[in-house]
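Here's the structure we're looking at; comments come further down.
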Amino acid sequence: QVQLVESGGGLVQAGGSLRLSCAASGRTFSVYAMGWFRKNPGKEREFVAAVSRYGSNSDYEDSVKGRFTSSRDNAQNTVYLQTNSLTPEDTAVYYCAAVFSPLSDRLSRLGNVYDYWGQGTQVTVSS
């Protein structure tokens, strides 16, 4: 079992930045690839980013490429999502998720692949 707790969300003006964190506990963190997703009321959950178990591979949804960066610190059991140049369209609840990947650096954009989810952190970008 893995427990995930996100933090770092908040209210920011357009053009600003936030650093989201996701702290994991329970099992060996480095066997999990990590993903970030977001959701707004009335909309489907959307893939944002993913990072492989040792951080050597990453993937980003097109609208966040060049603005968002996902990284991880396995010694601290934490994955980060640095969000820059935020726009109101980035407003959502952001979730981190973990998928058991002990032997692969392949990444998935499919939410139903992920085994564990955090409770989410709200990001609100004002215009």
Side-chain angles (χ1 to χ4, degrees):
Q1 193 77 2
V2 174
Q3 293 80 42
L4 302 173
V5 179
E6 300 96 335
S7 61
L11 174 63
V12 63
Q13 288 189 330
S17 300
L18 287 172
R19 188 192 197 200
L20 308 185
S21 300
C22 173
S25 62
R27 303 271 314 255
T28 304
F29 185 57
S30 61
V31 300
Y32 292 90
M34 301 298 296
W36 288 94
F37 294 80
R38 63 188 180 187
K39 190 177 186 310
N40 270 316
K43 293 186 177 181
E44 292 191 358
R45 183 177 58 199
E46 176 185 28
F47 168 80
V48 177
V51 60
S52 59
R53 57 205 171 114
Y54 292 107
S56 60
N57 190 23
S58 59
D59 186 27
Y60 299 93
E61 193 270 331
D62 285 349
S63 70
V64 307
K65 280 182 182 177
R67 300 189 300 122
F68 291 11
T69 303
S70 186
S71 61
R72 62 191 295 162
D73 183 343
N74 287 347
Q76 298 295 323
N77 283 9
T78 302
V79 63
Y80 304 98
L81 184 68
Q82 178 67 43
T83 67
N84 299 327
S85 302
L86 286 163
T87 74
E89 287 68 39
D90 295 315
T91 295
V93 178
Y94 283 71
Y95 299 89
C96 67
V99 56
F100 187 61
S101 300
L103 301 176
S104 172
D105 286 334
R106 293 181 66 181
L107 300 172
S108 177
R109 297 186 172 199
L110 301 177
N112 59 9
V113 166
Y114 289 79
D115 303 308
Y116 303 101
W117 292 81
Q119 84 290 347
T121 186
Q122 176 72 48
V123 171
T124 303
V125 184
S126 63
S127 58

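Only heavy atoms go into these numbers, but all of them, side chains included; no hydrogens, no water, no symmetry mates.
Val79 and Phe100 fall within the same hydrophobic cluster, defined by Ile, Leu, Val, Met, Phe, Trp and Tyr side-chain heavy atoms under 4.5 Å apart, directly or through other members. Under the 4.5 Å side-chain heavy-atom criterion for grouping Ile, Leu, Val, Met, Phe, Trp and Tyr, Val93 is not connected to Leu86 through any hydrophobic cluster. Using a 4.5 Å cut-off between side-chain heavy atoms of Ile, Leu, Val, Met, Phe, Trp and Tyr, with links allowed through other members, Tyr95 and Tyr116 fall into different hydrophobic clusters. Val2 and Tyr114 fall into different hydrophobic clusters, defined by Ile, Leu, Val, Met, Phe, Trp and Tyr side-chain heavy atoms under 4.5 Å apart, directly or through other members.
A pairwise comparison of heavy atoms in Thr78 and Phe29 identifies N-CE2, 3.6 Å as the closest pair. In terms of heavy-atom proximity, Leu18 sits nearest to Val123 at CD1-CG1, 3.9 Å. When all heavy atoms are compared, the tightest approach of Ser56 to Asp105 is OG-OD2, 3.4 Å. Summarising the geometry of Ser108 relative to Ala50, their closest heavy-atom pair is O-CB, 4.4 Å, with the distance given to 0.1 Å. Counting all heavy atoms, side chain and backbone alike, Asn74 lies closest to Ser30 at ND2-CB, 3.5 Å. Across every non-hydrogen atom of Leu107 and Val51, the tightest pair is CD2-C, 3.6 Å.
With rounding to the nearest 0.5 angstrom, the SG atom of Cys22 is 9.5 Å from the CZ atom of Arg72. Separation of atoms CZ (Arg19) and CG (Leu81) is listed at 10.5 Å; rounding is to 0.5 Å.
Counting only distance, with no hydrogens or angles, the side chain of Glu6 and the backbone of Gly120 share a donor-acceptor pair below 3.5 Å. Listed for the Arg53 side chain is a donor-acceptor partner under 3.5 Å among the backbone atoms of Pro102.
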Could you list the donor-acceptor pairs under 3.5 angstrom formed by side chains in residues 31-42, with sequence neighbours left out?
{"residue": "Arg38", "atom": "NE", "partner": "Glu46", "partner atom": "OE1", "Å": "2.7"}
{"residue": "Arg38", "atom": "NH1", "partner": "Asp90", "partner atom": "OD1", "Å": "3.0"}
{"residue": "Arg38", "atom": "NH1", "partner": "Tyr94", "partner atom": "OH", "Å": "2.8"}
{"residue": "Arg38", "atom": "NH2", "partner": "Glu46", "partner atom": "OE1", "Å": "3.4"}
{"residue": "Lys39", "atom": "NZ", "partner": "Lys43", "partner atom": "O", "Å": "2.9"}
{"residue": "Asn40", "atom": "ND2", "partner": "Thr91", "partner atom": "O", "Å": "2.6"}

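A 4.5 Å side-chain heavy-atom check between Thr69 and Tyr80 finds every atom pair outside the cut-off. Side chains of Leu20 and Thr121 form a contact here, defined as non-hydrogen atoms less than 4.5 Å apart. When side chains are defined from C-beta on, Tyr60 counts as touching Ser70, because their heavy atoms get closer than 4.5 Å. Using a 4.5 Å heavy-atom cutoff, the side chains of Gln119 and Val5 are in contact.
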Checklist entry - Can you check side-chain hydrogen bond (donor to acceptor under 3.5 Å, both in side chains) on Gln3 and Ser25, steps first, answer last? => result CA-CA 5 Å; Gln3 293 80 42; Ser25 62; 3.3 Å; yes
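Scanning for salt bridge (Lys or Arg N to Asp or Glu O under 4.0 Å) contacts around Arg106 gives an empty result, with sequence neighbours left out.
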